[in-house]
J.: 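Have a look at this one.
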Amino acid sequence: MTSPFDQPLNRQDTCSVKLDDRKAVFGREDVIPVWVADMDFAAPEAVTRALSERAAHPVYGYTLFPDSLYQSVMDWFRERHGWEIKRHWILMAPGVVPSLHAACMAYAGPGGGVIVQPPVYPPFFSSVRLSGREIIENPLVCDETGYYRMDLEHLEACAARPDARLLMLCSPHNPVGRIWSEQELEAVLDIARRHDLVVISDEIHCDLTFADMPRHRMLATLAQPNDRLITAIAPSKSFNIPGLGLSALIIPDREKRSAMQAVFDSLHLPQCNPFSIAGFEAGYRSGGPWLNDLMSYLQKNRDFVVDTVNARLPGITTRAPEGTYLVWLDCRGMGLDDAALKRFFVQEAGVGMNPGVSFGEQGSGYMRLNIGCPRAVLADVLQRIESALEGGQL
């Protein structure tokens with residue numbers, strides 16, 4: 001039976017970064033784009049309907065955040081994640097990436113140390129550098145099966161540095177796909193308490209978890225009242241609406257909440273977009289059934305990719321991610337440096353992926369593949385790579 005997610009959707013000439021920026025990023029316009037983390041699927045009908053209904057009113061003026069928006073967040077996280085959020089904890093924000101920058105400014109201080117755990121989403125690095133803070137790397141450890149874990153002993157040493165002020169946690173992790181265990185998360189909180197660290201937990205992928213994998217646990221559900229914790233959430237990945245650019249920060253501590261608000265105020269952020277508000281609320285209110293269907297489809301995509309890569313692509317291996325729609329390909333067996341690796345996939349295979357080295361030097365030799373697209377597209381991607389490998393292009 002054909003799934004609605006199998007239907008091709010032409011995004012070209014819609015000012016899509018994923019499609020229309022291919023020439024600038026890859027040097028050619030005909031690569032299959034399986035890179036930037038949005039999906040080639042129509043958003044839930046409820047989201048489109050909410051946007052259309054809002055557009056029907058011809059005045060698009062300055063807009064308040066309605067009480068119903070906050071309630072949609074509280075309802076979603078109570079029902080989906082067992083997390084009781086209080087209304088006054090919620091601070092609306094112009095996106096998770098701007099929130100990372102703001103967290104550095106609010107909690108680290110000029111020259112302060114910010115701990116990141118590479119390989120990790122590139123803005124974790126750029127937010128620290130661009131805000132004039134210092135990166136403290138606590139690299140993840142990978143075993144021979146491709147399974148990543150935190151180096152907690154090294155994290156303790158990083159946290160003990162006198163300049164350490166902030167830890168940026170990515171949960172579920174982008175790009176390695178880990179869902180951190182309750183024991184790992186408890187250890188992170190213990191370390192933060194001992195060393196007076198603020199933790200910002202980027203949980204934008206919290207809804208994108210697979211039925212056959214461990215359940216995602218929101219870090220805040222393990223926290224104690226005095227923990228210095230900020231949780232970044234958004235419906236953007238869950239319902240494929242990242243272009244609407246609205247997120248939320250959950251900050252129980254009043255002092256920490258005020259510090260973040262002060263940074264946003266200093267930059268005059270955010271200006272409330274009426275369409276962002278409509279899409280945000282509609283996703284959390286009515287997007288649940290669509291998300292359930294999406295995750296079933298993505299799980300089949302994941303299994304198809306993992307099985308095909310490990311069976312048919314010599315020099316490349318991968319492991320099924322526990323969460324996200326991103327697959328981390330270990331291409332070190334191809335024996336290429338990072339420039340040659342990207343060149344092979346772009347020029348010989350005609351496939352555009354994110355180079356692993358962009359996630360930190362620990363990602364050298366890897367590529368990140370976005371499986372949020374029709375399965376036929378993934379079949380074409382893998383066939384192109386297989387043909388390029390068989391063609392002796394190496």
Side-chain angles (χ1 to χ4, degrees), residues 1-9 18 32-45 47 76 79-82 121 145-148 170-181 203-218 233-242 283-284 286-313 316-330 351 353-354 366-383 385:
M1 182 176 177
T2 302
S3 165
F5 298 108
D6 282 319
Q7 300 304 313
L9 192 64
K18 190 175 185 181
I32 300 179
V34 280
W35 60 299
V36 67
D38 65 11
M39 296 182 285
D40 297 327
F41 303 135
E45 183 181 350
V47 170
W76 180 268
E79 294 164 8
R80 285 267 171 166
H81 297 280
Y121 183 48
T145 71
Y147 185 77
Y148 283 84
C170 192
S171 178
H173 193 278
N174 171 14
V176 308
R178 270 299 313 280
I179 292 177
W180 304 117
S181 69
E203 304 198 33
I204 196 171
H205 291 99
C206 66
D207 296 315
L208 298 168
T209 60
F210 299 104
D212 62 346
M213 290 294 181
R215 178 176 174 268
H216 174 74
R217 185 72 181 263
M218 305 295 296
I233 58 169
S236 53
K237 303 299 183 186
S238 305
F239 309 111
N240 202 34
I241 52 173
Y284 280 143
S286 306
W290 181 92
L291 178 63
N292 295 339
D293 292 342
L294 170 72
M295 293 314 301
S296 295
Y297 187 84
L298 288 177
Q299 185 168 326
K300 294 183 177 69
N301 274 7
R302 181 203 66 183
D303 294 344
F304 169 67
V305 168
V306 170
D307 291 346
T308 304
V309 167
N310 290 331
R312 292 172 43 187
L313 303 186
I316 307 175
T317 60
T318 194
R319 183 185 179 99
E322 297 172 344
T324 80
Y325 50 80
L326 307 165
V327 174
W328 190 232
L329 302 178
D330 184 348
V351 174
M353 295 185 284
N354 292 94
Y366 290 79
M367 300 293 286
R368 192 190 74 173
L369 169 65
N370 180 346
I371 63 170
C373 57
R375 198 160 304 126
V377 174
L378 292 175
D380 192 4
V381 165
L382 296 173
Q383 181 58 55
I385 296 172

J.: Tell me, do Arg312 and Gln383 make a side-chain contact under 4.5 Å, heavy atoms counted?
T.: yes

J.: Thr2: which residues meet the side chain to side chain donor-acceptor pair (under 3.5 Å) condition with it, sequence neighbours left out?
T.: none

J.: Could you check whether the rings of His205 and Tyr325 sit parallel, tilted or perpendicular, using 30° and 60° as the cut-offs?
T.: perpendicular

J.: Using the ring of each side chain (for Trp, its six-membered ring), is Tyr284 parallel, tilted or perpendicular to Trp76, with breaks at 30° and 60°?
T.: tilted

J.: Between the side chain of Arg80 and the main-chain N/O of Gly288, is any donor-acceptor distance below 3.5 Å?
T.: yes

J.: Is Arg375 close enough and on-axis enough to Tyr297, meaning under 6.0 Å and within 45°, for cation-pi?
T.: yes

J.: Is the backbone N or O of Met213 less than 3.5 Å from a side-chain atom of Glu322, with the two atoms forming a donor-acceptor pair by type?
T.: no

J.: Sub-3.5 Å donor-acceptor pair from the side chain of Asn301 to the main-chain atoms of Cys373, do we have one?
T.: yes

J.: Roughly how far apart are Asp330 CG and Met367 CE, rounded to 0.5 Å?
T.: 12.5 Å

J.: So do the side chains of Leu294 and Leu208 get within less than 4.5 Å of each other, counting heavy atoms only?
T.: yes

J.: Is it true that atom CD of Glu79 has more than 12 heavy atoms of other residues, nucleotides or ligands lying nearer than 6.0 Å?
T.: yes

J.: Counting N and O atoms only, with roles assigned by atom type, does the side chain of Asn310 sit under 3.5 Å from a partner on the main chain of Thr318, one being a donor and the other an acceptor?
T.: yes

J.: Please confirm whether the backbone N or O of Met39 pairs with a side-chain atom of Asn240, one donor and one acceptor, at under 3.5 Å?
T.: yes

J.: If we ignore hydrogens and angles and just use 3.5 Å, is the side chain of Arg368 paired with the main-chain N or O of Pro175 as donor and acceptor?
T.: no

J.: Taking atom types as modelled, find out whether His216 and Asp207 have a side-chain donor-acceptor pair closer than 3.5 angstrom.
T.: no

J.: Out of Leu382, Leu369, Ile385, which one pairs with Val309 under the side chain to side chain contact (heavy atoms under 4.5 Å, CB included) rule?
T.: Leu382

J.: Checking Asp40 side chain against Pro8 main chain: does a donor-acceptor pair fall under 3.5 Å?
T.: no

